[in-house]
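We use all heavy atoms of the structure for the numbers below, so side chains are in, but hydrogens, waters and symmetry mates are not.
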Amino acid sequence: MFRQLFDEATSTYTYLIADEQTRSALLIDPVHEQYERDRALLDELGLNLKYVLETHVHADHITGGGRLRHETDAQFIAGKGTGLDCADRLVADGETIEMDSITIHAIATPGHTDGCTSYRWGDRLFTGDTILIDACGRTDFQQGSPERLYHSIQKLLAFPDETLIYPAHDYNGKRVSSVGQEKTINPYIAGLDEAAFVAKMKALNLPKPRKIDVAVPANSLCGGADVPRASGETEAA
């Protein structure tokens, strides 16, 4: 069972994966303001939330994982590179998350932030901000490194061309891509070697995410259980 959910205020995608037989479920990158939506969907489908997975410490929105964990007893999971003391589990590159018949593979993909982690489920990659559709995550804050991001992108591009890519954001109404498509048309990937990629990233002049001073401290505490509501702001790619 799979659902792709969207938060218009921050252009954030949240992903629901569930075992249809046991009704166990996990959410990837929930948004705090969408807590009621997510709980209603879980209830509607008769699902028990077991895990919340974060692709990274977000700068554009507060995670809904803190409240979901508090009210459902789900485990909060993030990449080891985040160093989040508040997480129930930090997964390293190559580790798996087992949920009944579902196996999620963690892939360390630092560069946008130190702790960026992508997740693979079957033929699907949940790439966070590492690869966006026709774009990639920025590298000018939160320990960003264009060199590390380049190598993380290559790591994901090593999967078969037909592997589907589901990003953490899209600002242009696009919902899904593939490894082959991104190799061909993504202007941050196609035809760029490492030196050209690094130069392109360093030449970007993007505004600071307007919610970074609220979102990062809250997300460094796994969103907490009772964080204040905050209007969403988009994070430029």
Side-chain angles (χ1 to χ4, degrees), residues 1-8 10-20 23-35 37-42 45 47-69 72 74-82 84 86-93 95-110 112-113 115-133 137 152 156 159 163-170 174-177 215 219 222-223 232 235:
M1 189 179 295
F2 175 68
R3 297 286 191 280
Q4 182 185 46
L5 308 169
F6 187 64
D7 175 59
E8 286 193 17
T10 61
S11 298
T12 299
Y13 283 122
T14 296
Y15 299 97
L16 169 72
I17 299 172
D19 184 305
E20 195 166 10
R23 318 309 289 180
S24 295
L26 63 85
L27 286 169
I28 300 174
D29 288 342
V31 175
H32 177 64
E33 283 78 10
Q34 295 293 347
Y35 169 82
R37 177 203 67 186
D38 296 344
R39 283 302 304 269
L41 181 61
L42 291 166
L45 298 175
L47 301 176
N48 299 311
L49 187 65
K50 299 296 185 181
Y51 301 108
V52 171
L53 278 57
E54 296 289 338
T55 56
H56 62 294
V57 175
H58 308 278
D60 64 324
H61 71 272
I62 296 172
T63 175
R67 187 175 177 189
L68 286 162
R69 172 171 64 173
T72 68
Q75 289 191 27
F76 189 106
I77 298 176
K80 189 173 183 179
T82 64
L84 292 177
C86 53
D88 296 296
R89 179 182 173 189
L90 297 178
V91 289
D93 184 56
E95 290 188 6
T96 59
I97 300 153
E98 306 287 343
M99 188 181 72
D100 300 325
S101 67
I102 292 168
T103 299
I104 305 292
H105 300 264
I107 308 167
T109 50
H112 173 60
T113 72
C116 282
T117 298
S118 299
Y119 300 101
R120 180 175 67 83
W121 174 47
D123 65 349
R124 306 176 193 205
L125 287 171
F126 301 91
T127 56
D129 285 14
T130 299
I131 296 179
L132 304 174
I133 299 175
S152 292
L156 296 176
F159 284 91
T163 305
L164 298 176
I165 286 178
Y166 287 95
H169 300 281
D170 190 80
K174 299 173 184 176
R175 299 176 63 87
V176 61
S177 184
N219 291 329
C222 298
E235 174 184 354

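- Both cation-pi conditions hold for R124 and F2: the charged atom is under 6.0 angstrom from the six-membered ring centre and inside a 45 degree cone around its axis.
- Within the 4.5 Å cutoff, the side chain of I104 has no heavy atoms near those of the R120 side chain.
- Two residues are said to be in side-chain contact when any heavy atoms from C-beta on lie closer than 4.5 Å; L47 and L16 meet this criterion.
- The shortest side-chain heavy-atom distance between D93 and I107 falls under the 4.5 Å cut-off.
- The closest side-chain donor-acceptor pair between T12 and H169 falls under 3.5 angstrom.
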(Q) Would D38 and L5 count as a side-chain contact (heavy atoms from CB on, under 4.5 Å) here? Give the steps. (A) CA-CA 9 Å; D38 296 344; L5 308 169; 3.6 Å; yes
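- Side-chain atoms of N219 never come within 3.5 Å of backbone atoms of G223 as a donor-acceptor pair (strictly under, hydrogens ignored).
- Considering every non-hydrogen atom in both L132 and A168, the closest pair reads CD2-N, 4.5 Å.
- Side-chain atoms of T63 and E54 include a donor-acceptor pair closer than 3.5 Å.
- Shown here is Q4, whose CD atom has more than 12 heavy atoms of other residues, nucleotides or ligands within 6.0 Å.
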Q. Does the pair D7 and T14 meet the rule for a side-chain contact (heavy atoms from CB on, under 4.5 Å), with working shown?
A. CA-CA 8 Å; D7 175 59; T14 296; over 6 Å; no
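- In this structure, C222 and A87 approach most closely via the heavy-atom pair SG-N, 3.5 Å.
- With hydrogens and angles disregarded, a donor-acceptor distance shorter than 3.5 Å links the side chain of T72 to the backbone of A74.
- Separating the CG atom in L27 from the CG atom in L41 is a distance of 8.0 Å, to the nearest 0.5 Å.
- Between R69 and D88 a salt bridge is recorded (basic side-chain N to carboxylate O distance below 4.0 Å).
- Taken to the nearest 0.5 Å, the OG1 atom of T103 stands 15.0 Å off from the OH atom of Y119.
- With a 4.5 Å cut-off on side-chain heavy atoms, F159 and I165 do not count as touching.
- Inspection of the D129 and H112 side chains reveals an N or O donor paired with an N or O acceptor under 3.5 Å.
- Judged by distance alone, the side chains of S24 and D100 do bring a donor and an acceptor atom under 3.5 Å apart.
- Without hydrogens or angle criteria, R37 side chain to F6 main chain gives a donor-acceptor distance under 3.5 Å.
- Atoms CG and OG1, from D60 and T10 in turn, are 5.5 Å apart once rounded to the nearest 0.5 Å.
- S118 and T109 share a donor-acceptor pair across their side chains, judged by distance under 3.5 Å alone.
- Looking at H61 and D29, their side chains never bring a donor and an acceptor atom within 3.5 Å of each other.
- With rounding to the nearest 0.5 Å, the separation of CZ in R39 from CZ in R67 is 8.5 Å.
- When only modelled atom types and interatomic distance are considered, S101 and D19 share a side-chain donor-acceptor pair under 3.5 Å.
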Q.
Quick one, D170 with S11, criterion side-chain contact (heavy atoms from CB on, under 4.5 Å). Give me CA distance, side-chain angles, the key distance, then yes/no.
A. CA-CA 6 Å; D170 190 80; S11 298; over 6 Å; no
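- The closest side-chain heavy-atom distance from S152 to C116 is not below 4.5 Å.
- Partners of R89 under the salt bridge (charged side-chain N to carboxylate O under 4.0 Å, His left out) rule, at least two apart in sequence or in another chain, are E95.
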Q: Dump the intermediate steps for ring-ring contact (aromatic ring centres under 6.0 Å, His included) on Y166 and Y13, then the final yes or no.
A: CA-CA 8 Å; Y166 287 95; Y13 283 122; 8.3 Å; no
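- Among residues two or more places apart in sequence or in another chain, the salt bridge (charged side-chain N to carboxylate O under 4.0 Å, His left out) test is passed with D123 by none.
- To the nearest 0.5 angstrom, T117 atom OG1 is 14.5 Å from H105 atom NE2.
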Q: Please test I28 against I17 for side-chain contact (heavy atoms from CB on, under 4.5 Å), starting from the C-alpha separation and ending with a verdict.
A: CA-CA 8 Å; I28 300 174; I17 299 172; 4.3 Å; yes
